[in-house]
Every structure is written in structure tokens, then in C-alpha cells.
Amino acid sequence: MKQLKIAALAGDGIGPEVMREAIKVLRAAEKKFSFQLGITEAPVGWAGIDAAGQALPAATLALCKQSDAILFGSVGLPDRDPTIPKAERPERAALLRIRKEFGLFANLRPVTLPKALAHACPLAKERQGNGIDILVVRELTGGMYFGQPKQTEDLGGGVQRAIDTMVYTTPEIERIAQVAFQAARLRRKKLTSIDKANVLENGILWREVVTRIGKAYPDVTLEHMFVDNGAMQLMLRPTQFDVMLCENMFGDILSDEAAALGGSLGMLPSASLGATTGGNTFGFYEPAGGTAPDIAGKNLANPIAQILSTALMLRYSFQLNDAAAGIERAVGRTIDAGCRTGDIFSPNEPNARKVGTREMGDAIAAAV
Ligand code: NAD
């Protein structure tokens, strides 16, 4: 059996606590679904600076390059970050560096609100239907955040002009569309492509290319939606969405809007994918939240975002769809059984039981 090589970089704050629970659950899934993992842990972020003088030590980067996927915690500590130059700070020196190094162009952010957590969602219950389950697929390396020219000019007389440029090429749109259609195939087979084709040249090209790529996926229902309407529909009728495909900036905004529906940052996993070569997709998997220094080291953090990130890893890097679904079902069952970390606890739920990080991990591992 091929061993799947994973670099586990826990990082700072709650990172090590939630990573420990994620590895516990992965080990349970490994037994149950018969695959073989080689997990190697390495320091990153302030843990990297303390161990080897750099947020992304050379040995950690080398480990990542020898691995099939990176399971990442989170990095950065607000009280220490300002003490070093910006370029050396963990988020820039580790996270952005890894994104660039591995060409991670597709960001996947699933938002799942189980029915049992209806109280944690800001929307009224009648808008939540049978629970919310959306996957936002965001292009991560193009568009307005990277297009050139990008500058601020002095026009004289105290007037300045700032310029950002939105640029997409057909290959960039094609590859992110492929990722989104393939992801839709693994879900409810509906794709909503978000654009602003009524105003932007980029939007017209985006729509044309996505429509063309969609012809190869006749089993997936494709619809197009303007981004302003998409933002509104997420609040009005979020249950209409399965996969939402967005360019970089629209995805940045809509993925956070969708995330708010999930109830807590502690519930939200994410995947950033690179190119697929020889059937293997290199991926970087991390919780959507940060290092939560306010609760670090207290057994209070919700490990579910990190645990669900392992499910994304099994699905998107290793095509172990049954094992991924097994972990997701175990999370669902644990929540249905009333296990709640502080961030998703409500005293109004009669069956809810407040548990710590470790107990939540134990319960999910047992449910697997
Ligand atoms: P944060 O996400 O760490 O925390 C925001 C709030 O959400 C806090 O109240 C925190 O307790 C809560 N929270 C987050 N994750 C949780 C979990 N798993 N369980 C329960 N509650 C949780 O954001 P912040 O406070 O703005 O940033 C703290 C540090 O994290 C900063 O140094 C920031 O730069 C860094 N950060 C790193 C990443 C990353 O590594 N990808 C992402 C965001 C922020």
C-alpha cells in the first residue's frame, strides 16, 4: 500500500492543540478505511522562528517539498508580530511563501451549518432550510490583487491616482473552472459561477470560458450570477447554492460572507490546491481561523475546522472520498450527540454538553 506523505505544520497559538486532535482523527480513519499515512511534524511561524530563526525554516520547506500534502495549523501572534520586520512575520514569510512556492491557485472554502447548530447562524431559522452546505471555490493567484500596473501616481497639485488592474487569461479561468466542476461532481452537482459580466470585460471572458468548460460536465447544472446578486442571495436563500465559483476578489469577499453563516470560525476548514500532475493534486489544508491567542493553551479551541481540513485533504489530494465522508459524518454525529466547544455552545440547547478541545477530538475519533 502506498504511504501518503503529509507534512503537519501546527504553528502557533491554538495550532498545536487542534493539530493534535486532527492527527488523532486521521489515525482513526487510517485504521477504519485502510490507507497508510506518513505524518511528519515540523515547526512553522513563531515556532519556526524560535526553533530555527525563520518563520519557514529551510528544513520545514524541504519536508513540504517531499510530501504529498501540507496539513497546516495557523501562524502569527499579535503581541510578537510587530517586533520584527513585516517581510519576516509568520503570515507573510510562511503562508504567502508556501502559496507561491507550490503554485496554489485554487482556494476551497466549504461552509456547513448542521441543523443542530441553527442557533449559531445569524440568519433566521426559516432561511436555513435543512442546513446550509456551500463550497466557495476562489481563484487565488490572478485578478485585481496581482494584475499590473498596480501603483499610486502623483498627478501634481496634491492629487494622487491609485491604479489596480484586473487581469485574467483563458488558461487561468479554465483551470479554476475545472477544479470547481470536479468539486461539484463530488457534491450535489450544481455550480453557480459568479461574475460581473454586465460591467467588466473580465466578467464577459469569465462567463464565456466557464460556459465552454461546463460542456465537458453535462451532469453538472451551471448557472451564472452577478456578484452583487450573489452577495444578496447568500443572505436571502443560501440553500440554493452548492458550489460557487469566483475570481480572486469576489471570492475573497463572498467566502467570508458565506463563512459567517457557518456559526463559528472554529468550524471552517479550507483547502488550497496546486496543479494536478500524474493524478496527484498537491494541496495545503488549514482552518479558516487564526491562532486565537485569547484561548490558546486552555483546551478551549474548537478542533473541528482542523479535523474537517483533514477530510478535505483525503478527498482532494488522495481521492479517498469514503474516508473523507466518514470523517465528516463523524463530526456530524458528534454534534448531533450534543458535544459543544464554547464557541458553538448555547445554554438554550437542552441536550448540549460543553466539552474541551481534547474531548471533542476524542468523541470524533471514536465516531469515525
Ligand atoms: P483568530 O481567527 O485567531 O481569532 C478570532 C476570534 O475567533 C477569536 O475570538 C478566537 O478565539 C476565535 N476563534 C478562532 N479560531 C477558533 C477555534 N478554532 N475555536 C474557537 N474559537 C476560535 O483571528 P485574530 O485574533 O484576528 O488573529 C490572531 C492571530 O492569528 C494573528 O496573529 C493573525 O495574524 C493570525 N492569523 C493567522 C491566520 C493563518 O495562519 N492562516 C489566519 C488568520 C489570522
Side-chain angles (χ1 to χ4, degrees), residues 7-22 24-25 42-50 55-56 60 64 70-100 102 104 107-109 111-112 117 120 122 138 140 252 255-256 259-260 262-272 283-310 312 331 334-335 339-346 354-361 363-364:
L9 317 183
D12 309 316
I14 61 169
E17 295 169 72
V18 294
M19 182 65 81
R20 190 182 52 226
E21 302 315 313
K24 193 186 281 174
V25 171
V44 72
W46 278 102
I49 295 173
D50 293 341
L56 184 63
T60 300
C64 293
I70 302 172
L71 185 60
F72 195 85
S74 34
V75 292
L77 294 171
D79 55 339
R80 294 185 70 183
D81 290 350
T83 64
I84 55 174
K86 275 199 181 116
E88 293 168 26
R89 291 182 195 166
E91 279 197 80
R92 200 178 285 193
L95 263 181
L96 295 189
R97 174 90 196 279
I98 288 175
R99 265 191 204 169
K100 207 164 168 201
F102 293 96
L104 304 173
N107 184 230
L108 277 62
R109 293 258 303 259
V111 177
T112 316
L117 291 186
R138 167 188 171 192
L140 207 52
D252 188 6
S255 63
D256 269 16
S264 165
L265 265 180
M267 298 287 296
L268 297 168
S270 81
S272 300
F284 175 87
Y285 302 87
E286 60 168 343
T291 58
D294 51 332
I295 55 168
K298 299 179 181 158
N299 197 37
L300 290 176
N302 187 345
I304 290 180
Q306 190 79 57
I307 290 168
L308 289 175
S309 299
T310 71
L312 295 182
V331 168
T334 306
I335 286 173
C339 274
R340 304 279 185 271
T341 41
D343 57 313
I344 50 174
F345 178 78
S346 156
K354 212 187 230 181
V355 299
T357 310
R358 208 170 292 123
E359 294 72 31
M360 182 65 102
I364 295 170

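Computation of the quantities below employed the complete heavy-atom set of this structure, encompassing side-chain atoms and omitting hydrogens, waters and symmetry-equivalent molecules. Atoms within a ligand are numbered from 1 in the order they appear, just like the ligands themselves.
- Ala55 approaches Ala93 most closely through the heavy-atom pair CB-CB, 3.9 Å.
- Within 4.0 Å of atom 26 (O) of ligand 1, not a single protein heavy atom is present.
- Of the protein's heavy atoms, at least one falls inside 4.0 Å of atom 21 (N) of ligand 1.
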Atom pairs and distances, donor-acceptor, side-chain atoms in residues 7-16, under 3.5 Å, two or more places apart:
{"residue": "Asp12", "atom": "OD1", "partner": "Trp46", "partner atom": "N", "Å": "3.0"}
{"residue": "Asp12", "atom": "OD1", "partner": "Ala47", "partner atom": "N", "Å": "2.9"}
{"residue": "Asp12", "atom": "OD2", "partner": "Trp46", "partner atom": "N", "Å": "2.9"}
{"residue": "Asp12", "atom": "OD2", "partner": "Gly76", "partner atom": "N", "Å": "2.9"}

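- At least one heavy atom of Ala301 lies less than 4.0 angstrom from ligand 1.
- Counting atoms of ligand 1 from 1 in the listed order, those under 4.0 Å from a heavy atom of Asp81 are 32 (O).
- Around atom 40 (O) of ligand 1, the closest heavy atom drawn from Thr357, Asp294, Val75, Leu268 belongs to Val75.
- Residue-level proximity to ligand 1 for Pro293 is carried by the side chain, the only part with a heavy atom below 4.0 angstrom.
- Put simply, the side chain of Arg138 never gets that close to the backbone of Asn107: no donor and acceptor are under 3.5 Å apart.
- When every heavy atom of Leu300 is checked against every heavy atom of Glu17, the shortest pair comes out as N-OE1, 4.3 Å.
- Heavy-atom proximity to atom 30 (O) of ligand 1, evaluated over Thr291, Ile304, Leu300, is greatest for Thr291.
- In terms of protein heavy atoms, atom 6 (C) of ligand 1 is closest to Leu265 CD1, 4.3 Å.
- Close contacts between ligand 1 and Glu286 involve ligand atoms 41 (N) [criterion: under 4.0 Å to a heavy atom].
- Within ligand 1, the atoms closer than 4.0 Å to a non-hydrogen atom of Gly76 are 29 (C), 32 (O), numbered from 1 in the order shown.
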Side chain to side chain contact (heavy atoms under 4.5 Å, CB included), that's the test. Do Lys100 and Arg97 meet it? Break it down for me.
CA-CA 5 Å; Lys100 207 164 168 201; Arg97 174 90 196 279; 5.9 Å; no

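- We find the CZ-CE distance between Arg340 and Met360 to be 7.5 Å, quoted to the nearest 0.5 Å.
- Asn299 places a side-chain N or O within donor-acceptor distance of the main-chain N or O of Arg358, the cut-off being under 3.5 Å.
- Contact annotation for Leu77 and ligand 1: only backbone heavy atoms (N, CA, C, O) come within less than 4.0 Å of the ligand.
- On a distance-only criterion, Asn302 and ligand 1 share at least one N/O pair closer than 3.5 Å.
- Taking every heavy atom of both residues into account, Gln306 and Met19 meet most closely at NE2-CE, 3.9 Å.
- Of the options Val44, Ile14, Leu95, the smallest heavy-atom separation from atom 15 (N) of ligand 1 is shown by Ile14.
- Side-chain atoms of Thr357 do not come within 3.5 Å of backbone N or O of Pro303 as any donor-acceptor pair.
- Across all non-hydrogen atoms, the minimal contact from Gly45 to Pro90 is CA-CB, 3.8 Å.
- When only interatomic distances are considered, the shortest N/O to N/O separation between Ala292 and ligand 1 falls below 3.5 Å.
- Contact atoms of ligand 1 toward Ser74: 39 (C), 40 (O) (distance under 4.0 Å to a heavy atom of the residue).
- When all heavy atoms are compared, the tightest approach of Met267 to Leu308 is O-CD1, 3.6 Å.
- Summarising the contacts of atom 36 (N) of ligand 1 with Glu91, Gln306, Arg80, the nearest heavy atom is found in Glu91.
- The shortest N or O to N or O distance between Gly290 and ligand 1 is under 3.5 Å.
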